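Just so it is clear, the values below take in all heavy atoms, side chains as well, and ignore hydrogens, waters and symmetry mates. Model, not experiment: these values are computed from the prediction.
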Amino acid sequence: TTPPLPVSRCLSFYYFAMYQQKKKISNTGKLHWLRGPCTNYMFRYLKRRGSFDTPESLVGGARAGGVYSFIGLVERYDESMVMLSFLLRIPLVDVLYLKAKDSTTRMVAHPPLAAEDFAVRSYATSAAFNRSNALDYTLYAAASAEFDRRWRLNKEELDACLKAFQEMVASTKIKCSPDKFSGNGGLYSKKAYWRDNGYGYQCL
């Protein structure tokens, strides 16, 4: 899995919920969401039911006593795909991707945190929000630290793979343009692995 930063996950889910419920998006609604329902979402999602899992115990794989063998990071997606390829010993082409879920163009476009209203930005970076999502922030930090540790162990090989992978991604963006797989009547409309996952896999 590849968890995002807690605040990114919270705001993304808020926009999606408003889209599904056909409700108006507002700064008041965002603040209500950040102050209430959005609390340690990723930790609760990954934690095994009835277990005594901690954020740290979820990370590191079985050899290190962790629950998950690999946890990537949304903010380091290309590196995460390269690491996944390395760990599974599969070709880079098998983890190649297309951005079919671009939040700035699809469904309800929503801006990055830096472009949100001052009140939203202030609370999203406040100590209160950090406290209410402390488990998620601890999970993200632990996953990031473990990711860095693994990268350092094979830095030369992974750096070379990352460079090659990013060149592949750039080439794919040109050859497999969004209008061919976006579901808006393009060449790959409604052709995906499952629901809205895997658009454009024919092109890849």
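- Side-chain contact between Leu58 and Phe43: present, with at least one pair of heavy atoms (C-beta onward) separated by less than 4.5 Å.
- Of the inter-residue distances, the one linking Ser8 atom OG with Phe13 atom CZ reads 15.0 Å to the nearest 0.5 angstrom.
- The shortest non-hydrogen separation linking Arg44 to Pro37 is NH2-O, 4.3 Å.
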Chi angles and distances behind the salt bridge (Lys or Arg N to Asp or Glu O under 4.0 Å) call for Glu157, Arg89: CA-CA 13 Å; Glu157 180 178 354; Arg89 290 298 174 185; 3.4 Å; yes
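- Atoms NE2 and OG1, from His32 and Thr28 in turn, are 11.0 Å apart once rounded to the nearest 0.5 Å.
- No donor-acceptor pair under 3.5 Å is formed between the side chain of Lys163 and the backbone N or O of Glu167.
- Annotation: the span from Tyr68 atom OH to Ser57 atom OG amounts to 10.0 Å, rounded to 0.5 Å.
- Nearest heavy atom pair, residue Ala143 against residue Leu73, reads CB-CD2, 4.1 Å.
- With rounding to the nearest 0.5 angstrom, the OG atom of Ser171 is 8.5 Å from the CE atom of Met168.
- A side chain to side chain donor-acceptor pair (under 3.5 Å) check over residues 130-144, counting only residues at least two apart or in different chains, returns the pairs Glu75-Tyr140.
- Among pairs with a residue in residues 71-98, those fulfilling ring pair (Phe, Tyr, Trp, His ring centres under 6.0 Å) read Tyr77-Tyr97, at least two apart in sequence or across chains.
- Listed by chain and residue number, nothing satisfies the salt bridge (charged side-chain N to carboxylate O under 4.0 Å, His left out) test with Glu56 (two or more places apart in sequence, or in another chain).
- Shortest non-hydrogen contact noted between Ser80 and Gly72 is OG-CA, 3.5 Å.
- Partners of Asp159 under the salt bridge (charged side-chain N to carboxylate O under 4.0 Å, His left out) rule, at least two apart in sequence or in another chain, are Lys155.
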side-chain contact (heavy atoms from CB on, under 4.5 Å) evaluation trace for Trp33 with Val120: CA-CA 10 Å; Trp33 189 262; Val120 175; over 6 Å; no
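- Residues Glu116 and Pro111 are in side-chain contact: their nearest non-hydrogen atoms beyond the backbone lie under 4.5 Å apart.
- Annotation: the span from Gln166 atom CD to Leu92 atom CG amounts to 11.0 Å, rounded to 0.5 Å.
- Within 6.0 Å of atom CD in Glu156, 12 or fewer heavy atoms from other residues, nucleotides or ligands are found, so the atom counts as exposed in its surroundings.
- A heavy-atom distance below 4.5 Å is found between the side chains of Arg149 and Glu146.
- With sequence neighbours excluded, the residues satisfying salt bridge (charged side-chain N to carboxylate O under 4.0 Å, His left out) with Arg76 are Glu79, Asp148.
- A heavy-atom distance below 4.5 Å is not found between the side chains of Leu113 and Leu5.
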Test side-chain hydrogen bond (donor to acceptor under 3.5 Å, both in side chains) on Tyr15 and Lys30 and set out the steps. CA-CA 9 Å; Tyr15 279 101; Lys30 294 173 192 177; 2.8 Å; yes
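- Judged as a disulfide bond (SG atoms under 2.5 Å apart), the pairs with a partner in residues 1-45 (not counting sequence neighbours) are, in order, Cys10-Cys38.
- Linking Ile, Leu, Val, Met, Phe, Trp and Tyr whenever their side-chain heavy atoms come within less than 4.5 Å leaves Phe165 and Val74 in two separate clusters.
- Distance check: Arg150 CZ to Phe70 CZ gives 7.0 Å after rounding to the nearest 0.5 Å.
- Both Val67 and Val59 are members of a single hydrophobic cluster when ILVMFWY side chains are connected at heavy-atom separations under 4.5 Å.
- The closest side-chain heavy-atom distance from Ile71 to Thr2 is not below 4.5 Å.
- Both the sub-6.0 Å distance and the 45° axial angle are satisfied by Arg35 relative to the ring of Tyr123.
- With contacts defined as side-chain heavy-atom distances shorter than 4.5 Å, the pair Tyr14/Leu34 does not qualify.
- A salt bridge links Asp53 with Arg48: at least one charged nitrogen is closer than 4.0 Å to a carboxylate oxygen.
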